[in-house]
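The figures here come from the full heavy-atom set of this structure, side chains too, leaving out hydrogens, waters and symmetry mates. Chain letters run A, B, ... following the sequence lines, proteins first, then strands; residues in each count from 1.
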2 protein chains.
Amino acid sequence: MATHSAGPEIERLIQLLAKLPGLGPRSARRAALTLLKKREALLEPLGAAMREAAAAIRVCEICGNLDTTSPCALCRDPRRDAHLLCVVEDVADLWALERAGVFRGKYHVLGGALSALDGITPERLNVASLLKRVGEGVDEVILAVNATVEGQTTAHYLMDMLAASGVKVTRLAHGVPVGGELDYLDEGTLNAAFKARRAL
Amino acid sequence: MATHSAGPEIERLIQLLAKLPGLGPRSARRAALTLLKKREALLEPLGAAMREAAAAIRVCEICGNLDTTSPCALCRDPRRDAHLLCVVEDVADLWALERAGVFRGKYHVLGGALSALDGITPERLNVASLLKRVGEGVDEVILAVNATVEGQTTAHYLMDMLAASGVKVTRLAHGVPVGGELDYLDEGTLNAAFKARRAL
């Protein structure tokens, strides 16, 4: 990063802000300036919110979700169907599905996807705890992993691991996103959408 | 923002992060998750950096720059030419010019640009202090404001205010950005570049 007239305190703040997803070096500089210009309105409340979140939030010992309690509110909710287990890569994916409100079962957060390139082996994911849970009365495991190479590799690996248990394993459908224009879709998606076409 | 399974602490953190420039509601959620997943590596150092920057940084009483001292390092630097005064809207603009290393005079930060829409009147900008500085031995005032409606309005206003002082007032050149492709430029820029064309 180029030098400028501010002190090392601002440089350090910019460097740390640049580590947040979505912020590059340039936008991190703008964010740092905004924080310093709005101390009472933004910098101090954000600092307090970070401390409070760090103190309050824990990882759910059952599913890997982040919540103020462990087990998390989803795992403790008796109205959620414990026979259905939805496997996601990340907490963000769990939140996305909850926002959509499409699923009323339980979740299991893997904590990533298999990747030889990044050295993510099955031992580094929450696979052992998944197999244990599946053995405790689960009827269907829905593999809601990303439609990426890593996600699909993870799905294949988990299907192999779950084969012996006899549990039903499903995955999310591939196809044209709702609101999507064919013109902008890649060949893989169009191919999947054609293959899975349904009678009207 | 839609509800999800996390507690109010995370919601509050997401809301505050979304106020940073460059982060929308979705990227603020990803940033909050990243912070909570990397507590030792990111959340705690960032909190400390924010506290340290808030404690160390002050507004320069002369030019309006942000620095650990007031007057700032630029105002105190005897090697910088006090006869040249570069007027910018914001501290970020000052930093951009310093990164480019094109100017060796002094700066004056207005703290914004005139905007009837946003209620930014001359009284809310550092105009009085600019006029005072100009009266203390400045030969040239360079209006390095943005090439926006607000920036140009501000430049015209300042030219009127400075006319009586007899100081030389200049502005940055408009034209094709270096590395820019004509195909992607707006008509205003092309028009300005044509009008200001130079003999080779």
Please report the closest heavy-atom contact between A/A31 and B/L20, naming both atoms and the distance. O-CD2, 4.0 Å

Tell me whether [X] shares a hydrophobic cluster with [Y], the cluster being built from Ile, Leu, Val, Met, Phe, Trp, Tyr side chains joined at under 4.5 Å.
{"X": "A/V59", "Y": "A/I120", "value": "no"}
{"X": "A/L35", "Y": "A/I14", "value": "yes"}
{"X": "A/V134", "Y": "A/Y107", "value": "no"}
{"X": "B/L110", "Y": "B/V169", "value": "yes"}
{"X": "B/F103", "Y": "B/L143", "value": "no"}

I'd like to know whether [atom1] of [X] has more than 12 heavy-atom contacts from other residues, nucleotides or ligands below 6.0 angstrom.
{"X": "B/H174", "atom1": "NE2", "value": "yes"}
{"X": "B/R76", "atom1": "CZ", "value": "yes"}
{"X": "B/E187", "atom1": "CD", "value": "no"}

Ordered numerically, the heavy-atom neighbours of chain A under 4.5 Å found in residues 37-53 of chain B are B/K37, B/R39, B/L42, B/L43, B/P45, B/L46, B/G47, B/A49, B/M50, B/R51, B/E52, B/A53

Please round to the nearest 0.5 Å and tell me the distance separating atom CD of B/E9 and atom CG of A/D67. 9.0 Å

Going from CZ on A/R26 to CZ on B/R99, what distance comes out if it is rounded to the nearest 0.5 angstrom? 6.0 Å

With a 4.5 angstrom heavy-atom cut-off, could you sort out which part of B/A92 is near chain A: side chain, backbone, both or neither? both

Counting only non-hydrogen atoms closer than 4.5 Å, does B/D90 touch chain A with its backbone (N, CA, C, O), its side chain (CB onward), both, or neither? side chain

Answer with side chain, backbone, both or neither: which region of A/L13 has an atom nearer than 4.5 Å to a non-hydrogen atom of chain B? both

A/L17, part contacting chain B, at a heavy-atom distance under 4.5 Å: both

Between B/T34, B/T68, B/L33, which shows the greatest number of heavy-atom pairs under 4.5 Å with chain A? B/L33

